[in-house]
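Order of the sequence lines fixes the chain letters, A, B, ..., with proteins taken first and strands second; residue numbering starts at 1 for each chain. Treat the numbers as computed from the prediction; the structure is a model and nothing was measured.
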Number of protein chains: 2
Amino acid sequence: MEKRKGTVTIKDISRKCGVSVSTVSKALNHYGDIAPETAELIRQTAREMHYVPNTAARQLKTNTSHNIGVLFVDEMNSGLAHEYFSGILDAARAEAERLGYDITFIGKNIGGKPMTYLEHCQYRKVDGVLIANVDFSDPGIIELVTSGLPVITIDYAFDSTSCVMSDNMEGAYALTSYLIGRGHRKIAFIHGERTSVTNKRLVGFNRALKDHGIVPDDRYIVQGRFHDPQKSREATRYLMELPDPPTVIMYPDDFSYIGGMTELEKMGLSVPGDVSTAGYDGIPISQFIRPRLTTYHQDAAQIGRVSAAKLVETIENKKTCIPEEISVSGHILEGTSVAEI
Amino acid sequence: MEKRKGTVTIKDISRKCGVSVSTVSKALNHYGDIAPETAELIRQTAREMHYVPNTAARQLKTNTSHNIGVLFVDEMNSGLAHEYFSGILDAARAEAERLGYDITFIGKNIGGKPMTYLEHCQYRKVDGVLIANVDFSDPGIIELVTSGLPVITIDYAFDSTSCVMSDNMEGAYALTSYLIGRGHRKIAFIHGERTSVTNKRLVGFNRALKDHGIVPDDRYIVQGRFHDPQKSREATRYLMELPDPPTVIMYPDDFSYIGGMTELEKMGLSVPGDVSTAGYDGIPISQFIRPRLTTYHQDAAQIGRVSAAKLVETIENKKTCIPEEISVSGHILEGTSVAEI
DNA sequence: CTATGAAGCGAAAACGATTTCGACACGAGA
DNA sequence: TCTCGTGTCGAAATCGTTTTCGCTTCATAG
């Protein structure tokens, strides 16, 4: 004697309209073989009854969820809190939603039961995955990437999948060239872990030096880590204690710059009086601190949008869509942290 | 002549084990009426065959998704990018995952078709919703909150649902008392929009003044906005141009503080030499800028964890679980932005 | 020896949609 | 008149699970 459970189904509509469920389904999905008036009637009453389709049922039948997974891991707790990635995620979410897809997070366990990323994806039946800010050498990631599930990676290139990258080579080139244009010759480069991002930036950096006839000085190139102010402080101190210290220091990201700045301050050095600095990312806060940071702004929103769009395209034309490397460029945000010398 | 579609189902296991699908299902769900050896055999082969349950089917049958929705709206584009909220989200995600729930974003439209938040939730069949950082007067939010779906709100209290809040009254009280303890009497308070968060802070602020025998000065209480550096600059200028300016300014959040600081700097005022400042939030960056900000640190991680835990609890004991207001307290982060006078 | 009950398992009906295939009516061409 | 195509629609199978209820056994109490 159970009454309606609150949710209205396709069957309720069929009853009310005096047609079969098949007809309702077809009308709602704009099939061609339903009389226009019938279809309109059905759609109208569906609206009136506040019908909302049951994703689970649809998913079960069609084996697609209109749902995409995201893998954003916070190595070192900067994770979501890092504005670059949260900017990307936010934009991706908006774009995906516009295209009819929802976003759910993919983790490496669910309910205490550990599962691989791939299993989690299968479990949730996501149609595709967006991967960013993870350790791309993780076997779990590799498994996922090679599974055949549509995947877009961000800032890292596999050859089996499409990826979208901030144009790191161009960015480093532009930034370095800018510094050279301001008269700098002794340019230090603190870079992040040796990922492809770092490699591309190094290429851009070296190319800029070369194009301006400057010979690279190994001592000025030091390894730091992304988003690690502490590491950045150490690198900064090392550089400034060199017998012939650089006139400008480039940081791997704005967050690292903050660390560097506190060290410079501690050493009694002023920016840009004693040494100039440049960042990378262009997070909002970088324009509010003093000195206002000269930095290369990565267009996180655009990256997010493009990633989502490309992923959906891959999902919907899985056979014809070939892997592609999309790069989105940013621009220099000119602050007051670089002196003209 | 279709072969297995790659995914192994309960039926495949039943065939392999020579039992019925019902038995498999029961074994997997730890029902009592299956012989231990049978159950173990089934679970073992399930593992071997890499069985992963089909959520859609389960969801269809049980009408629960083990999936919770989150509503994080970025009014003014600070959204996810704001570390306080992304910190909450991140922690909530981790905790939910630990409890066996995934998280998907809820928006106000899907695939171009506008739908209410509630409809979106029904569409995705989420078991509950976490709401934060939205306009709580939005009819769509009200509809959702009163729909009977388990809901947890963050930093805002409805009486029909549980909410978890940073203890704003206590925080404002503690921070104000701290300032008084440092000798300040002329304390300005730039506050955010008149939400309940703001109201509680005002109560804490006034109570602290009263407890220390200071009479509140209306001119020192000015309305700003959360996370709006520009608005904050204006308020700062207004305050400092008063005939009898305050000796310390409290900002509604650390981000607003950054705006205020740039204005002070522009006016040629030094912090804390000419005027002291205090923030609210305790985002990481606040401890890297100079002067190091004295601020009230809200425990975003704890708020996220508690929210997710309480939501799951509400979902799983919908009848017995009564609405509750949970407050999680933070602590003062003592920086160098407040002078002793 | 029979009645009883528990323990272990399976048949089958859902859940709400999609989709194939056939049924039926009707107008037109032969 | 008969056939045939076309335009509309419905029956029914199906997706993978959960869950109820009944059917066997078999041991034990009577």
Go through the steps to decide whether A:V52 and A:T7 satisfy the test side chain to side chain contact (heavy atoms under 4.5 Å, CB included), and finish with yes or no.
CA-CA 8 Å; A:V52 13; A:T7 40; over 6 Å; no
Begin from the C-alpha positions of A:I131 and A:F136 and carry the test side chain to side chain contact (heavy atoms under 4.5 Å, CB included) through to its verdict.
CA-CA 9 Å; A:I131 308 180; A:F136 284 97; 3.7 Å; yes
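Going from atom CG of B:D12 over to atom C1' of D:dT17 covers 13 Å, rounded to whole Å. In this structure, the CD1 atom of A:I10 is 14 Å from the P atom of C:dC15, given to the nearest Å. B:K11 places its NZ atom 15 Å from the P atom of C:dG10, with the value rounded to the nearest Å. Between the P atom of C:dT18 and the CD atom of A:Q59 lies a distance of 12 Å, rounded to the nearest Å. Straight-line distance from the CG atom of B:L60 to the P atom of C:dG16: 7 Å, rounded to whole Å. Between B:R58 atom CZ and D:dT19 atom P there is a gap of 10 Å when expressed in whole angstrom units. Atom NZ of A:K61 and atom C1' of D:dC15 are 6 Å apart (whole Å). We find that CG of B:N63 is positioned 13 Å from C1' of C:dA14, with the value rounded to whole Å.
Counting only residues at least two apart or on different chains, the side chain to side chain donor-acceptor pair (under 3.5 Å) pairs with a member in residues 137-149 of chain B are B:T116-B:E143, B:D135-B:S137.
Judged by atom type and distance alone, A:S22 reaches the base of D:dA11 through a side-chain donor-acceptor pair under 3.5 Å. For B:K26 against C:dG8, no side-chain N or O and base N or O form a donor-acceptor pair under 3.5 Å.
Rounding to the nearest 0.5 Å places NE2 of A:H50 at 11.5 Å from CE of B:M115. To the nearest 0.5 Å, atom CG of residue A:L60 and atom CZ of residue A:R58 are 12.5 Å apart.
A heavy-atom distance below 4.0 Å to DNA chain C is reached by these residues of residues 28-49 of chain B, ordered by number: B:D33, B:I34, B:A35, B:T38.
Between B:S25 and D:dT17 there is no side-chain polar atom (N or O) within less than 4.0 angstrom of OP1 or OP2. At the phosphate of C:dG10, OP1 or OP2 sits under 4.0 Å from a side-chain N or O atom of B:S20. Checking the phosphate oxygens (OP1, OP2) of D:dT18, no side-chain nitrogen or oxygen of B:T62 falls inside 4.0 Å. Close to D:dC9, at under 4.0 Å from its OP1 or OP2, lies no side-chain N or O of A:T23.
Salt-bridge check for B:E119 with A:R47: failed, with every basic side-chain N at 4.0 Å or more from each acidic carboxylate O.
Tested against A:S166, the residues A:D299, A:D155, A:I154, A:V197 include a single side-chain contact (heavy atoms from CB on, under 4.5 Å) partner, A:D155.
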